[in-house]
2 protein chains.
Amino acid sequence: MQGGLPISVDMETQIIDDVMQQIVSKTMKHGEKIPSENELAAKYKVPRMTVRNALTKLEERGYIYSIQGKGRYLKEASTQIQLHLTGKTSFTDKMKEAGYDLKTENILCEMIAYNEQLFNKINANKEDSVYKIGRIRYINGEPIAIHYSYVSDKMFGEIEKDGPKIKSMFAYYRKLGYKEFASQKSLLSITFPTSEEQQLLFCKSMIPLIVVESECIDVASNEVLEHTKILYRSDKFKYDITMD
Amino acid sequence: MQGGLPISVDMETQIIDDVMQQIVSKTMKHGEKIPSENELAAKYKVPRMTVRNALTKLEERGYIYSIQGKGRYLKEASTQIQLHLTGKTSFTDKMKEAGYDLKTENILCEMIAYNEQLFNKINANKEDSVYKIGRIRYINGEPIAIHYSYVSDKMFGEIEKDGPKIKSMFAYYRKLGYKEFASQKSLLSITFPTSEEQQLLFCKSMIPLIVVESECIDVASNEVLEHTKILYRSDKFKYDITMD
DNA sequence: ACACAGCAACTTGGCGACAAGTTAAGATGA
DNA sequence: TCATCTTAACTTGTCGCCAAGTTGCTGTGT
């Protein structure tokens, strides 16, 4: 199996490669038991710790799980949801369109401290109050994204009162007379979840999160309505970024 | 510092949070020494192994490095290059436009075995030969992306001979008379590098890679020229995905 | 023949002792 | 006084033993 690679590749990575290869090639199916640490250690002629480290990484990446006293098993591969990352429709609409059972929970509405960069983005002055509204997006009961919106009370006077109840910002804006929206300056980057984010998204520390930040503007007036920051679980999504 | 969180957050994650917080808040600067494992173990009242695991993760994510016998130190934060992920210009042009010193190394040109999904994407029949051409992209001497192109000899008869010398596919296509290009069905996902990819990109196993797959088409004829797969180091880039 | 307790052989989980490397201070000798 | 070696006290790295949990076999008593 390991077929004598040249040199200098540490064995831990090699073991990960081998197991991953067996997963993607479907040599092993979900639920199947992985050979024990001692067996693998003997097979690769490495100390058990090396095998342990490799398997721990696979567990933290969400491919396997372990039960003390029993063994390690392959998890069922979670099917990745395809999502249009850009565009003019809201997160809520995108998911509804795609036919998914989307639920949203409002978890946060608080005033935040002054921050020059952020305040500038939404054209807020130092004297304005900026509110951070946080929601968690669930699909089939599974948390899959954390969605933060930053809005100023200059533009939305009732936001302090309304904020804690809002589930869709677009719906809120529509109720206030805004009709068409667009996103600007969308930036994508990768991060790992903090312990708080791990709790909210119910995931291990080694699941990368896709961070999308953008400004949402009102098409009619060209005004910036909010700054948006969404943290997606990268294991639950495939993103369609095709330009129309 | 750790300020009594409710419960059930394992200490390892908490230590990572704390160190990360000190990095982003610039409480600690690059090159600075991190407290020793024993000191941290005493501070958080956890076994040294827990501290070790936390610091090992930070090292594999590229934030710190360690020297046996000396200690652990903060790495200099690598500035992230901003890149337009979509669009009609080639990778080469994008980077040149942005003013970066881009070098490309051709590492691979080989015929690949039949694969229904892939062959269909580029309109190749089972009898055609499909070639996989691999290049590594360097910026300031640092490898930052692996770029694979899949082309059939049906469309490009000389590809077997020309392939190993190609550094920019777009330049090759232009030489053959194609003028304007577009990408279709762009899909973005996240993966971790295999040991081979780690060697090519000179990075640790815990640096997520951004995978972008798309079809490149000739605007004039609407024909699919190639299937493209690019693996970007997520720590070296921020992606601008704004729609024009 | 059957039920059940106990044990042995496996599994994964955790920790502590030691190995290996670095540094700086201090002893030693010319 | 100066150069050099020794040593002790730190650092990170590695390994192996034992704890904890599960399973199945086996012996024993009814």
Side-chain angles (χ1 to χ4, degrees), chain A residues 7-16 18-20 22-23 28-76 195 198 203-206, chain B residues 7-16 18-20 22-23 28-76 195 198 203-206:
Chain A
I7 31 162
S8 82
V9 188
D10 74 275
M11 271 299 164
E12 183 183 312
T13 328
Q14 191 123 353
I15 295 170
I16 296 179
D18 272 15
V19 177
M20 283 302 292
Q22 289 180 338
I23 293 176
M28 298 186 81
K29 288 192 180 62
H30 77 94
E32 202 164 329
K33 192 172 183 305
I34 290 169
S36 78
E37 296 174 358
N38 284 322
E39 281 179 79
L40 290 174
K43 175 179 172 188
Y44 292 99
K45 296 193 178 65
V46 292
R48 186 167 76 101
M49 243 337 166
T50 307
V51 175
R52 257 183 97 63
N53 286 336
L55 295 177
T56 302
K57 284 211 175 79
L58 285 169
E59 184 171 356
E60 288 173 324
R61 289 181 193 176
Y63 293 109
I64 64 176
Y65 64 94
S66 62
I67 303 175
Q68 183 178 153
K70 291 189 76 174
R72 300 186 129 96
Y73 303 87
L74 251 64
K75 265 195 197 173
E76 186 150 17
S195 55
Q198 284 175 44
C203 69
K204 287 264 165 56
S205 66
M206 283 304 172
Chain B
I7 32 164
S8 81
V9 189
D10 73 276
M11 271 299 164
E12 184 184 310
T13 324
Q14 192 123 352
I15 295 170
I16 295 178
D18 271 17
V19 177
M20 284 302 292
Q22 289 180 337
I23 293 176
M28 298 186 83
K29 288 192 180 61
H30 76 94
E32 202 164 330
K33 191 172 185 303
I34 291 169
S36 78
E37 295 175 358
N38 283 322
E39 283 179 79
L40 290 173
K43 176 179 170 188
Y44 292 99
K45 297 194 178 65
V46 293
R48 186 168 77 101
M49 245 336 167
T50 306
V51 175
R52 259 186 91 64
N53 285 336
L55 295 177
T56 302
K57 285 211 173 80
L58 285 168
E59 183 172 355
E60 289 173 323
R61 289 180 194 176
Y63 293 108
I64 64 177
Y65 64 94
S66 62
I67 303 175
Q68 183 177 153
K70 290 189 75 173
R72 298 188 130 97
Y73 303 87
L74 250 64
K75 266 196 195 170
E76 186 151 18
S195 55
Q198 285 174 44
C203 69
K204 287 264 163 57
S205 65
M206 282 304 173

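Each chain gets a letter, A, B and so on, in the order the sequences are listed, and its residues count up from 1. From a predicted model like this one, the values you see are computed outputs, not experimental measurements.
A close approach under 4.0 Å does occur between a side-chain nitrogen or oxygen of Arg72(B) and OP1 or OP2 of dG13(D). Distances shorter than 4.0 Å separate none of the side-chain N or O atoms of Ser66(A) from OP1 or OP2 on dT11(C). OP1 or OP2 of dT11(C) has at least one side-chain nitrogen or oxygen of Asn38(A) nearer than 4.0 Å. Neither OP1 nor OP2 of dC10(D) sits under 4.0 Å from any side-chain N or O of Lys70(B).
Distance, Glu37(B) CD to dG21(C) P: 16 Å, rounded to whole Å. Glu60(A) has its CD atom 15 Å from the C1' atom of dT12(C), to the nearest Å. Distance Glu12(A) CD to dC15(D) P: 12 Å, rounded to the nearest Å. The CZ atom of Arg52(A) sits 13 Å away from the C1' atom of dC18(D) (whole-angstrom rounding). The OH atom of Tyr65(B) sits 14 Å away from the C1' atom of dT12(D) (whole-angstrom rounding). Rounded to an integer number of Å, the gap from Tyr73(A) OH to dG21(D) C1' is 12 Å. Computed from coordinates, the Asn53(A) CG to dG13(D) P distance equals 12 Å when rounded to whole Å.
When each of Gly71(B) and Met49(A) is assigned the nucleotide of DNA chain D bearing its nearest heavy atom, the one mapping closer to the 5' terminus is Gly71(B).
Among all heavy-atom pairs drawn from Pro35(A) and Leu40(A), the shortest one is O-CD1, 3.6 Å. Scanning all heavy atoms of the two residues, the minimum distance from Ser195(A) to Thr13(B) falls at CB-CG2, 3.6 Å.
Here Glu59(A) does not pair with Lys75(A) in a salt bridge; the nearest charged N to carboxylate O distance is not below 4.0 Å.
Residue Lys29(B) qualifies as open at atom NZ: its count of foreign heavy atoms under 6.0 Å is 12 or below.
Counting only heavy atoms from C-beta on, Gln68(B) has its side chain closest to dG21(C) among dG21(C), dG13(C), dC15(C).
Heavy atoms of Glu39(A) sit under 4.0 angstrom from primed sugar atoms or phosphate atoms, though from no base atom. Counting non-hydrogen atoms under 4.0 angstrom, Arg48(A) reaches a base of the nucleic acid.
Paired with Ile34(B) under the rule side-chain contact (heavy atoms from CB on, under 4.5 Å), one option of Gln22(B), Glu39(B), Met28(B) passes, and it is Met28(B).
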